[in-house]
Amino acid sequence: MCEKQQITMGEGVASAVRDIIERGGRPNDQGNARFVRKLFEDTVGAQ
């Protein structure tokens, strides 16, 4: 998603994002992709 939006993540961002997804996503649920997309859109919107 970052590449498509031409966004470059700084150092350590990928690790922080993984931590957020692990805490906020629902295990074994199809909703995880939707959670990740909403997280990304909310983050870009806050920029």
Please lay out, stage by stage, how M1 and I7 fare under the test side-chain contact (heavy atoms from CB on, under 4.5 Å). CA-CA 8 Å; M1 286 187 281; I7 296 172; over 6 Å; no
Exercise for the section: Please step through salt bridge (Lys or Arg N to Asp or Glu O under 4.0 Å) for the pair D19 and R23, ending with a clear verdict. Expected result: CA-CA 6 Å; D19 290 343; R23 287 182 278 141; 5.6 Å; no
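To the nearest 0.5 Å, atom CD of residue Q5 and atom CD of residue Q47 are 11.5 Å apart. To the nearest 0.5 Å, atom NZ of residue K38 and atom OG1 of residue T43 are 9.5 Å apart.
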